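Beneath this line is the structure, given in structure tokens, with notes to follow.
Numbers here simply count residues along the sequence, with the first being 1. Nothing here was measured: the structure is a model prediction, and the numbers come from that model.
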Amino acid sequence: MKLKIQNVTLVLVAAAVLAVFAFSVRLEASPDSVVVLKTLGMTCDSCTEKITKVLRAQQGVASAEVDVAAGRVTVWYDSKMAASERLAQVVTGIGYGSSTLVATSAEAYRAATGRAGPAMADASASGCGCCRGKQ
């Protein structure tokens with residue numbers, strides 16, 4: 001009888017641990033859509049870091065690529081988990097003017113650009129001070 005109670009207790013503990021892990025795991029985004037955002041106010045690598053960080057924290061975002069010189073941000077995302085308009089709002093919310101320039105499927109983007117997806121490079125904080133007020 002004591003062994004049966006121990007087994008039941010062990011099974012319950014294992015189930016509880018699995019339940020905790022199930023709720024804490026962030027689902028990986030399966031990018032089926034791409035949005036190119038026209039973004040104003042970007043001037044340096046620190047801007048790139050801030051924008052990339054806030055976008056990658058959004059559920060459904062697989063990757064983001066910031067082109068400061070062109071004033072564009074390209075985001076690959078899962079359309080079941082995120083929306084292009086919301087991604088533009090998130091960037092605007094940290095102090096950059098941002099709006100949707102192009103929103104398309106990942107396949108259409110690949111066909112038009114020949115790019116399989118942006119390479120994620122971690123920008124380092126430059127500390128130049130030009131965008132310290134934008135958080």
Once rounded to the nearest 0.5 Å, what's the spacing between atom CD of Glu65 and atom OG1 of Thr48? 10.0 Å

Shortest non-hydrogen contact from Val35 to Ser84? CG2-CB, 3.6 Å

Taking all atoms of both residues into account, what is the closest heavy-atom pair of Ala82 and Gln59, and its distance? CB-O, 3.5 Å

What are the two closest heavy atoms between Ala106 and Pro31, and how far apart are they? CB-O, 4.1 Å

Closest non-hydrogen atom pair, Val68 against Cys44: CG2-O, 3.8 Å

Rounded to the nearest 0.5 angstrom, the CD1-SG distance for Ile94 and Cys47 is 9.0 Å

Gln89 CD to Leu37 CG distance, which is reported to the nearest 0.5 Å: 11.0 Å

Is the shortest heavy-atom distance from the side chain of Val73 to the side chain of Tyr96 under 4.5 Å? no

If we only count heavy atoms from C-beta on, is the Val34 to Val75 side-chain gap below 4.5 Å? no

Could you state the interatomic distance from CZ (Arg72) to CE (Met42), rounded to the nearest 0.5 Å? 10.0 Å

Min side-chain heavy-atom separation Thr74-Asp67 under 4.5 Å: no

Which heavy atom of Asp32 sits nearest a heavy atom of Lys80, and at what distance? OD2-NZ, 4.0 Å

Once rounded to the nearest 0.5 Å, what's the spacing between atom CH2 of Trp76 and atom CZ of Arg110? 4.5 Å

Interatomic distance, OG@Ser98 vs NZ@Lys38, rounded to 0.5 Å, equals 10.0 Å

Take Leu55 and Tyr77, measure what side chain to side chain contact (heavy atoms under 4.5 Å, CB included) needs, and give me the verdict at the end. CA-CA 10 Å; Leu55 285 170; Tyr77 66 98; over 6 Å; no

